[in-house]
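Given the structure is predicted, the values throughout are model-derived calculations rather than measurements.
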Amino acid sequence: MTTPQAIDHFIQGARTPGTSTRQQDVFNPATGQVTGYVALANTADVNAAVASAHAAFPAWADTPPIRRARVMFKFLELLNIRKDDLARAITAEHGKVFTDAQGEVTRGIDIVEFACGIPQLLKGQYTDQVSTGIDNWTMRQPLGVVAGITPFNFPVMVPMWMFPVAIAAGNTFVLKPSPLDPSCSLMMADLLKQAGLPDGVFNVVQGDKDAVDALLEHPDVKAISFVGSTPIAQKIYETGARHGKRVQALGGAKNHMVVMPDADLDQAVDALIGSAFGSAGERCMAISLAVLVGDAADKIVPLLAQRTRELKIKNGVELDAEMGPIISRVAQQRISGYVGIGKDEGAQLVVDGREFAAAKAGAGTENGFWIGGSLFDHVTPEMKIYKEEIFGPVLGCVRVKDFAAAIDLINSHEYGNGVSCFTRDGNVAREFSRRVQVGMVGINVPIPVPMAWHGFGGWKKSLFGDMHAYGEEGVRFYTKQKSIMQRWPESIGKGAEFVMPTAK
């Protein structure tokens with residue numbers, strides 16, 4: 001049994017316990033054992049991190065983009081060397097299986113690769129002779145100190161949606177990760193320092209609501225990026241905007257996957273099982289609702305039931321594991337409660353994940369935070385398990401008569417994060433892509449997370465703000481455009497002009 005370690009902040013290029021005396025236990029979800037104690041920042045700790053970032057900003061903003069990119073290239077090299085160490089840290093504190101954690105790190109690395117191209121991404125536009133003797137051009141400049149507030153479910157990938165682009169664009173950054181799995185934030189901070197990032201450009205404040213409130217209210221924080229639940233995302237957006245900040249707040253989801261009668265059923269079952277139960281359903285792009293069209297339902301539900309019962313639920317360090325534990329005891333109990341609610345509401349509980357015995361997950365897992373995959377059939381839109389985000393391994397099947405009914409069902413939901421359609425019909429695929437009111441769409445792709453050079457973000461109550469995460473929209477979010485018009489004395493006519501300037 002390992003001795004629990006202190007997990008500190010990272011301010012001005014060094015780890016520090018800060019001034020707060022509050023702390024929180026960090027658990028290994030597979031065993032239920034305490035593995036660390038994370039510091040919980042107070043306002044003074046947040047102020048110290050912001051002050052460090054604020055002091056570092058002028059020099060970093062003046063650093064040529066190519067030199068900032070070289071730091072990102074070195075960071076990329078170090079990430080590729082240490083990616084399995086990061087994955088192991090994810091599994092130890094989050095619980096997701098090691099192979100899934102490796103995939104998370106790889107998707108984060110993709111964003112760093114994108115950020116390495118910042119000299120090209122910051123190029124403005126130039127127009128010669130917009131009027132006689134006058135030229136006009138634009139440039140993009142950094143905002144200043146920006147902050148990221150990130151969730152427990154992707155402790156590496158989601159922060160990398162933010163800070164590589166922000167830093168490469170010339171900003172300085174304060175990261176507030178989840179206190180449930182905080183160690184990866186310090187590992188990334190150490191690698192950035194090794195890559196040559198100047199002290200103060202990247203800081204980490206561990207903490208809870210107190211740290212979030214301090215960041216939202218601090219006048220030197222110019223922008224906030226957030227990923228989490230919809231109620232908190234809306235509050236972050238409204239509070240940040242009230243304090244004059246630019247805000248990008250990604251909220252919750254209730255993702256549907258439509259299975260048409262002509263779909264390859266084996267492929268559809270594989271897609272539903274992987275996307276519903278991968279990462280124990282604790283991801284905002286998880287498929288939680290299967291929309292089964294026509295006679296597809298009677299064919300696919302028995303196959304889903306068999307596969308759900310056969311899930312390999314183990315400690316994530318086991319390489320053949322398909323699903324690991326839930327992040328915390330509180331989350332496990334919340335998910336169990338939703339399963340009970342669904343049954344009480346009249347949905348048919350085909351597979352009850354509450355029956356999973358923790359000891360089956362392997363040696364030493366008896367006290368872990370375990371639940372099996374649950375499968376419901378005959379879910380209807382009035383039910384709580386249809387309307388609300390469960391954020392766990394619970395898949396509900398909704399039966400609809402035709403394609404039009406499937407589209408209407410999805411478009412009526414308050415969330416609009418991700419959606420998928422499995423079909424062999426090109427016209428159905430085209431119409432689905434055009435008519436569905438959701439931000440990220442997959443055709444025979446169950447989890448359509450955009451690649452690094454595109455942007456991530458949903459519609460409706462899944463996104464508060466105008467710009468998606470990473471990609472070119474991420475560059476725009478972390479920079480402001482400046483337009484410059486220039487002419488020289490030889491081309492300036494004599495006399496004052498009192499009318500609106502026009503091209504001449």
When rounded to the nearest 0.5 angstrom, what is the spacing between CH2 in Trp370 and CD in Gln332? 10.5 Å
For a side chain to side chain donor-acceptor pair (under 3.5 Å) check, start with the C-alpha distance between Ser185 and Gln206, then their side-chain angles and the critical distance, and finish with the verdict. CA-CA 9 Å; Ser185 63; Gln206 312 287 359; 3.2 Å; yes
Taking side chain as C-beta onward, heavy atoms only, is Asp266 less than 4.5 Å from Val269? no
Could you tell me whether His454 and Tyr470 have their ring centroids closer than 6.0 angstrom? no
Distance col, row Glu318:CD vs Ile313:CD1, nearest 0.5 angstrom, shows 14.0 Å
Contact between Glu389 and Ser288 at the side-chain level, heavy atoms closer than 4.5 Å - yes or no? no
Arg424 side chain vs Asp262 backbone, donor-acceptor pair below 3.5 Å: yes
For atom NZ of Lys245, decide whether the heavy atoms of other residues, nucleotides or ligands shown that lie under 6.0 angstrom number more than 12. yes
Ring geometry between Phe173 and Tyr478 (parallel below 30°, tilted from 30 to 60°, perpendicular above 60°): perpendicular
What pair of heavy atoms forms the shortest contact from Leu86 to Cys184, and how long is it? O-SG, 3.9 Å
Between Arg307 and Asp270, the two heavy atoms sitting closest are NH1-OD1, 2.8 Å
First locate atom NZ of Lys312, then atom CG of Leu319, and finally report the distance between them rounded to the nearest 0.5 Å. 11.5 Å
Does any part of the side chain of Phe464, heavy atoms only, come nearer than 4.5 Å to the side chain of Ile236, both counted from C-beta? no
NZ on Lys343 to CZ on Phe376, rounded to 0.5 Å: 9.0 Å
Centroid-to-centroid, Tyr386 to His256, below 6.0 Å? yes
Can you see which heavy atom on Pro164 is nearest to which on Pro159, and at what distance? CD-O, 3.9 Å
